[in-house]
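Have a look at the structure below before the remarks.
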Protein chains: 2
Amino acid sequence: MEDATPTKVTLVDIARMAGVGVGTASRALSNAKNVAPATRARVLQVAEANHYVVSPEASRLAKGNTGRVALVVPHLSRWFFGSVVEGLDSVLRGADLDVLLYHVGDVRDRHEFFERLPARRKVDAVVVVGFQVEDIERARLETLGVHIVAAGGQTAAYPSVHIDDRIASRQAVDHLVHLGHKRIAMLEAVDPDQPHLPSTRSPGYHDALAAAGIAIDPTLVVSAPWGGEDGAASMSRLLGHPDPPTGVFAHSDEVALGAVRTLRRAGLEPGRDVSVVGIDDHPLAALSDLTTVRQRPAEQGVLAGRLLLDLLDGKAPTEASTTVPTELVVRGSTAPPRRP
Amino acid sequence: MEDATPTKVTLVDIARMAGVGVGTASRALSNAKNVAPATRARVLQVAEANHYVVSPEASRLAKGNTGRVALVVPHLSRWFFGSVVEGLDSVLRGADLDVLLYHVGDVRDRHEFFERLPARRKVDAVVVVGFQVEDIERARLETLGVHIVAAGGQTAAYPSVHIDDRIASRQAVDHLVHLGHKRIAMLEAVDPDQPHLPSTRSPGYHDALAAAGIAIDPTLVVSAPWGGEDGAASMSRLLGHPDPPTGVFAHSDEVALGAVRTLRRAGLEPGRDVSVVGIDDHPLAALSDLTTVRQRPAEQGVLAGRLLLDLLDGKAPTEASTTVPTELVVRGSTAPPRRP
DNA sequence: GAAGGTGTTGGAAACGCTTCCAGTTGGGAA
DNA sequence: TTCCCAACTGGAAGCGTTTCCAACACCTTC
């Protein structure tokens, strides 16, 4: 490349070269009205020829908005969160907004984020991805004075896009019930960072059992942190139960896969000896022949992105909160109980 | 919150309220030297009381840098990429840099990114995460005139952090060799978006077989796109082989898990009937009892982040390219062949 | 007591854009 | 022909910082 100079050409230069005033040059480039077509063409051509690009800082400073959106994301390395972000990114980029990423891995990160609010003055909106915002945090967030949207999470306080956890769990447990299972366990997952929050997927479990006239056996419900290893451990506990379950509903696919490993190691075949169902339809669920309830995180991201664009455009969103449907995906890990 | 006004207080206001000039106020806030301690304290206190925050746009405009870094990432929803980004994010945030995310899912996105270069003028550096930059793209990237770093990929043109694919594959195949396997297949993965690129993990396979004095059987090498379903399909093909392999080396854990599913469906038990080894140590590998070669993407992200900070500080990095070691993790999916 | 620091300060001049305002032009209506 | 209005245009005034420079005070040091 010959143009070693990192192109330090400004609007003034372009204007001069095109033989117009800066005002006109600016209007031409931002395709505003009141510019003669010929003039605009000339300016555009000169700009093109000189690889001119507006200085975002100057532009933003002058017009007052930032053209950026912050994404606050807890566990980026997990499929669900990554997918939501992918979806968000695609629509925001389409609208020429830049995406500022704030990964808040653990409580510490999170506290720091809400304490310092590094996004302050840097964005036009904030998207909270896949976690519940606590009250104190909410108060802090509000001081930003920007739009806030929740994607893939059930934060009631903001416009949001999410699945109905209660229905999803119900779909999973109903499936086990219809197969004829009576002793159905639940592997609950709690967020170690927010241990006080109730499991959002237990109500559906209760609903399904109640509807089937099956009494809840509290000893069949085990709680553990979110994660495969924890799921495996929980399953171990259940195997020690005097009257073990024939069906297991896991909070998520990852937890379910942990349970599957425990079963295999115990010489039990998932689907044949014990049925297991999860939630998510993680790509690896298909590879593990795991029955699950599918949610589409990328789609949730897309919808949340659109919602945000509407808010930024001043259009009140048609619905403050969108629920994305989930669907049961039957695979090999579930079957009628051995002794019905 | 009473302060409903989104705090439109500027440096000038602060200066006036503190009874100092704007210059002094600026110096005090940016803790530069040549400010009397008392004066600084006063300014800081006034700023604090009024929830003053500098306008990044104005600040950047005046000082000329952006304080931002762009991350160009192909498949955010995959564990590897998400993890690298997590690592990067943590160190960049620590240095008070903002992270701009550019997700380039497919060829189209990618072309568009390099064509439009939306990051132009918006960042001080670019990190390319986990993919190879082609020559034309490189030329485009260079026109940005900013630092470029590769994380988790083997782009030789830039300072980078990555594993040694050749060694990693060698570790995997050596393991199979040591167990006594003679017929060892390879499930190659090609990036559908860059089908012309040679597999980076084949050389190690060849090395290992050569070292063991095993002749390469080209019919035992199958190529397919990256992904579990493709791995499953490739494994199916191998099962139809007249003299099928007893050991399988898969390009990645995801591909390996696909192979495992095929084996199970064929009534074969991984580890007992056929050995399978992958690369990555994906969290779900442990849940599937998959033997693998571990790489630590988050660590790669962290190191790449540090590398970048050094570059931005003007310190020439001690080493332009860092290789992160990998290690064999033996689990249940590998064992000596049935008939040795 | 004069000369020369040193540490601190205020203010002006960038930084590169957008937008408002006033001016110019040309064409149609009266 | 005159007048008016619309379409265009140039330039100045911000936007909110940082930084440079001149000014000043107060000490030291000869």
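Here the structure is a predicted model, which is why all the values come from computation and not from measurement. Just the heavy atoms: all of them, side chains too, but no hydrogens, waters or symmetry mates, feed the values below. Proteins come first, then strands; the chains are lettered A, B, ... in the order of their sequence lines, and each starts at number 1.
Between B/Thr39 and the phosphate of C/dT9, there is a side-chain N or O to OP1/OP2 separation shorter than 4.0 Å. Phosphate proximity of D/dT18 to B/Ser26: present, with a side-chain N or O under 4.0 Å from OP1 or OP2. Checking the phosphate oxygens (OP1, OP2) of D/dT17, a side-chain nitrogen or oxygen of A/Arg121 falls inside 4.0 Å. For B/Thr24 and C/dG10, the shortest distance from a side-chain N or O to OP1 or OP2 is below 4.0 Å.
Side-chain N/O atoms of B/Arg60 and base N/O atoms of D/dG16 include no donor-acceptor pair closer than 3.5 Å.
Nucleotide D/dT19 holds its C1' atom 11 Å from the NZ atom of B/Lys63, rounded to whole Å. Remark: C1' of C/dT18 and CD1 of A/Ile14 are 16 Å apart, rounded to the nearest angstrom. Regarding B/Leu61, its CG atom lies at a distance of 17 Å from the P atom of D/dG14, rounded to whole Å. At whole-Å resolution of the value, NZ in A/Lys122 and P in D/dG16 are 18 Å apart. Rounded to whole Å, atom P of D/dA6 lies 14 Å from atom NZ of A/Lys33. As a whole-Å value, the separation of B/Asn34 CG from C/dG7 P is 7 Å. Atom CG in A/Leu29 sits roughly 16 Å away from atom P in C/dG16 (whole-Å rounding). Protein atom OH of A/Tyr52 is 10 Å distant from nucleotide atom P of C/dG16, rounded to whole Å.
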Worked check of side-chain hydrogen bond (donor to acceptor under 3.5 Å, both in side chains) between B/His51 and A/Thr143: CA-CA 10 Å; B/His51 301 111; A/Thr143 67; over 6 Å; no
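Here the side chain of A/Leu11 is nearest to one of C/dG10, C/dT8, C/dC17, namely C/dC17. Distances from the side chain of A/Arg27 to the nucleotides D/dT9, C/dT18, C/dT8 place D/dT9 closest.
With hydrogens and angles ignored, the 3.5 Å screen pairs a side-chain donor or acceptor of B/His103 with a backbone N or O of B/Pro74. Side-chain atoms of A/Arg40 never come within 3.5 Å of backbone atoms of A/Val35 as a donor-acceptor pair (strictly under, hydrogens ignored).
Along DNA chain C, the nucleotide nearest B/Ala62 and the nucleotide nearest B/Val20 are compared for position; the residue whose nucleotide lies closer to the 5' end is B/Val20. Annotation: of the two residues near DNA chain C, A/Glu57 and B/Ala36, the 5′-most nearest-nucleotide partner is B/Ala36.
When each of B/Val84, B/Val324, B/Val91, B/Leu92 is checked for a side chain to side chain contact (heavy atoms under 4.5 Å, CB included) with B/Val302, only B/Val91 meets the rule.
Separating the CZ atom in A/Arg306 from the CG atom in A/Leu308 is a distance of 12.5 Å, to the nearest 0.5 Å.
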